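Only one structure is covered here, and it is reproduced in the block below.
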Number of protein chains: 2
Amino acid sequence: MFLTVDPQSPITLYEQLAASVRAGILDGSIAHGERLPSARELAGSLDLNVHTVLRAYQALREEGLLDLRRGRGAVITAPSRDLAEVTAALDALIGAASAARIGPDTLISLVRARLSSTQTTQEGPR
Amino acid sequence: MFLTVDPQSPITLYEQLAASVRAGILDGSIAHGERLPSARELAGSLDLNVHTVLRAYQALREEGLLDLRRGRGAVITAPSRDLAEVTAALDALIGAASAARIGPDTLISLVRARLSSTQTTQEGPR
DNA sequence: GTATTGTTCTAGTTGAAGTAGAACAAGTGG
DNA sequence: CCACTTGTTCTACTTCAACTAGAACAATAC
């Protein structure tokens with residue numbers, strides 16, 4: 001399990017951490033049912049404040065990816081997914097954007113616009 | 001030309017405005033060579049500060065989408081693109097993500113990760 | 001020349017993010 | 001039962017980017 005964070009990034013620390021966990025869940029490096037390090041522990045090893053870690057954990061819980069309970073810690077509730085199709089679609093998108101000379105910011109804007117115009121499907125297992 | 005901004009959005013105002021212009025360029029509602037409203041004018045109609053508008057303009061210039069000059073204003077330097085393939089790829093991605101029950105935040109994270117791992121192609125005309 | 005418009009500067013406010021420490025409650029494990 | 005762990009909640013403070021505000025300035029248009 002490789003959870004990392006870059007203090008220099010413009011993206012907030014808790015968001016980076018959450019993204020790191022999401023990625024781990026997706027690619028299977030963090031398995032369903034697995035327990036994440038305790039907030040205090042992870043805060044220590046990443047040199048973050050406990051509250052920052054907890055904020056990431058709570059964001060993940062709101063997405064239905066994590067189960068948080070006192071005394072027990074943070075347990076993954078979402079299964080790994082088959083990413084083959086998503087990865088393929090993603091590659092196709094990056095390729096098409098590159099061909100059309102569309103920059104990173106523009107592409108992110110496009111994705112966001114499409115996402116917000118669509119009904120947001122709740123994440124996690126049924 | 002529909003440039004809008006939502007003060008309630010978590011996304012910064014200047015970034016929203018920049019995204020709005022990028023979208024307009026892409027779909028052709030803002031043509032190559034067209035002149036955007038002056039910063040003061042746009043600030044007035046969007047109820048923003050002049051500096052906020054200028055910040056958006058300057059971001060777009062750094063992306064090679066805009067040409068800024070005193071007295072003349074902001075002129076689009078980037079041509080409209082053929083978005084057919086990009087849109088198709090984007091739809092495919094959204095579909096695949098939805099099928100895999102991947103949420104908006106996770107998808108954005110994925111796209112970002114893919115973008116930063118790839119060489120960022122400079123935007124705009126050659 | 002005059003008006004327009006981006007550029008640059010100083011200065012202040014606001015709010016989210018992050019840090020810090022403490023007390024508390026629910027669960028674990030002996 | 002008891003000690004320990006761990007998330008929850010609370011207050012308080014710092015920091016920094018975003019935003020606002022106003023002014024002076026420089027290049028361009030007409």
Side-chain angles (χ1 to χ4, degrees), chain A residues 1 3-21 30 33-77 105 108-109 112, chain B residues 1 3-21 30 33-77 105 108-109 112:
Chain A
M1 186 188 332
L3 299 178
T4 59
V5 140
D6 173 19
Q8 306 306 323
S9 167
I11 300 176
T12 61
L13 296 174
Y14 81 89
E15 185 50 45
Q16 287 182 60
L17 182 53
S20 193
V21 174
I30 305 178
E34 185 172 343
R35 184 179 165 283
L36 293 180
S38 80
R40 294 180 228 266
E41 187 182 344
L42 190 52
S45 64
L46 292 183
D47 199 32
L48 297 178
N49 190 280
V50 189
H51 297 92
T52 304
V53 175
L54 282 171
R55 188 167 179 177
Y57 279 7
Q58 278 154 11
L60 292 168
R61 175 174 57 183
E62 281 172 15
E63 296 172 21
L65 300 178
L66 214 55
D67 187 42
L68 288 179
R69 288 206 204 148
R70 310 182 196 187
R72 203 179 54 174
V75 177
I76 304 294
T77 58
D105 291 338
I108 293 284
S109 297
R112 243 196 259 280
Chain B
M1 186 188 333
L3 300 178
T4 58
V5 140
D6 173 20
Q8 306 306 322
S9 167
I11 300 176
T12 60
L13 295 173
Y14 80 90
E15 184 51 45
Q16 288 181 60
L17 180 54
S20 193
V21 174
I30 305 179
E34 184 171 345
R35 184 181 166 282
L36 293 179
S38 80
R40 294 178 229 264
E41 187 182 343
L42 189 53
S45 64
L46 292 183
D47 198 32
L48 297 177
N49 190 279
V50 188
H51 298 91
T52 303
V53 175
L54 282 171
R55 188 166 179 177
Y57 279 7
Q58 278 154 10
L60 293 168
R61 175 174 57 183
E62 282 172 15
E63 296 172 24
L65 300 178
L66 215 56
D67 187 41
L68 288 179
R69 287 205 208 152
R70 310 181 196 185
R72 203 181 53 177
V75 177
I76 304 294
T77 59
D105 291 337
I108 293 283
S109 296
R112 241 195 259 281

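Every chain is numbered from 1 and lettered A, B, ... according to where its sequence line falls, protein lines coming before strand lines. From a predicted model like this one, the values you see are computed outputs, not experimental measurements. Hydrogens, waters and symmetry mates play no part in the numbers below; they use all other heavy atoms, side chains included.
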Would you kindly give the [atom1]-to-[atom2] distance between [X] and [N], to the nearest whole Å?
| X | N | atom1 | atom2 | result |
| --- | --- | --- | --- | --- |
| A:L54 | C:dG18 | CG | P | 13 Å |
| A:Q8 | C:dG18 | CD | P | 13 Å |
| B:R72 | C:dT7 | CZ | P | 11 Å |
| B:L42 | C:dT4 | CG | C1' | 16 Å |
| B:L17 | D:dC19 | CG | P | 10 Å |
| A:D67 | D:dT6 | CG | C1' | 13 Å |
| B:L13 | D:dA21 | CG | C1' | 16 Å |
| B:R35 | D:dT28 | CZ | C1' | 11 Å |

Could you give me the CA-CA distance, side-chain angles and deciding distance for B:L54 and B:L68, then say whether side chain to side chain contact (heavy atoms under 4.5 Å, CB included) is met? CA-CA 10 Å; B:L54 282 171; B:L68 288 179; 5.6 Å; no
Counting only side-chain N and O atoms of A:T52, is one of them less than 4.0 Å from OP1 or OP2 of C:dA17?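 For A:T52, the contact criterion (side-chain N or O under 4.0 Å from OP1 or OP2 of C:dA17) is not met.
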Would you say D:dA18 has OP1 or OP2 under 4.0 Å from some side-chain N or O of B:Y14?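 Indeed, a polar side-chain atom of B:Y14 lies that close.
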Selected nucleotide, minimal atom distance to [X] side chain, candidates [options]:
| X | options | value |
| --- | --- | --- |
| B:R69 | C:dT19, D:dT28, D:dG7 | D:dT28 |
| A:R55 | C:dT19, D:dA18, C:dA17 | C:dA17 |
| A:R61 | D:dT8, D:dC19, C:dT19 | D:dT8 |
| A:R70 | D:dG7, D:dA18, C:dT7 | D:dG7 |
| B:T12 | C:dG6, D:dT20, D:dA18 | D:dA18 |

DNA chain D: 5'-proximal contact among B:D47 and A:E41 (nearest heavy atom):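 With B:D47 and A:E41 compared, the 5'-side residue is A:E41.
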Donor/acceptor link under 3.5 angstrom from B:R40 side chain onto base of C:dG6: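 Present.
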Does B:H51 make a side-chain donor-acceptor contact with the base of D:dG22, cut-off 3.5 Å?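 Checked by distance alone, the answer is yes.
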With heavy atoms under 4.0 Å as the rule, sort A:Q58 into base, sugar-phosphate or nothing.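 Counting heavy atoms under 4.0 Å across all strands, the contact made by A:Q58 is with sugar-phosphate only.
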Applying a 4.0 Å non-hydrogen cut-off, can you work out what B:L68 is touching in the nucleic acid: base, sugar-phosphate, or nothing?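 Touches sugar-phosphate only.
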Look at atom CG of B:D47 and say whether more than 12 heavy atoms of other residues, nucleotides or ligands are closer to it than 6.0 Å.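 Counting other residues, nucleotides and ligands, CG of B:D47 stays at 12 neighbours or fewer.
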Should we say atom CZ of B:R69 is surrounded by more than 12 heavy atoms from elsewhere, each under 6.0 Å from it?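 Not more than 12 within 6.0 Å, no.
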Rounded to the nearest 0.5 Å, what separates atom CD1 in A:I11 from atom CZ in B:R112?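 Here the rounded value is 4.0 Å.
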Return the minimal non-hydrogen interatomic distance between B:L13 and B:T52, and the atom names on each side.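 Heavy atoms of B:L13 and B:T52 come nearest at CB-CG2, 4.0 Å.
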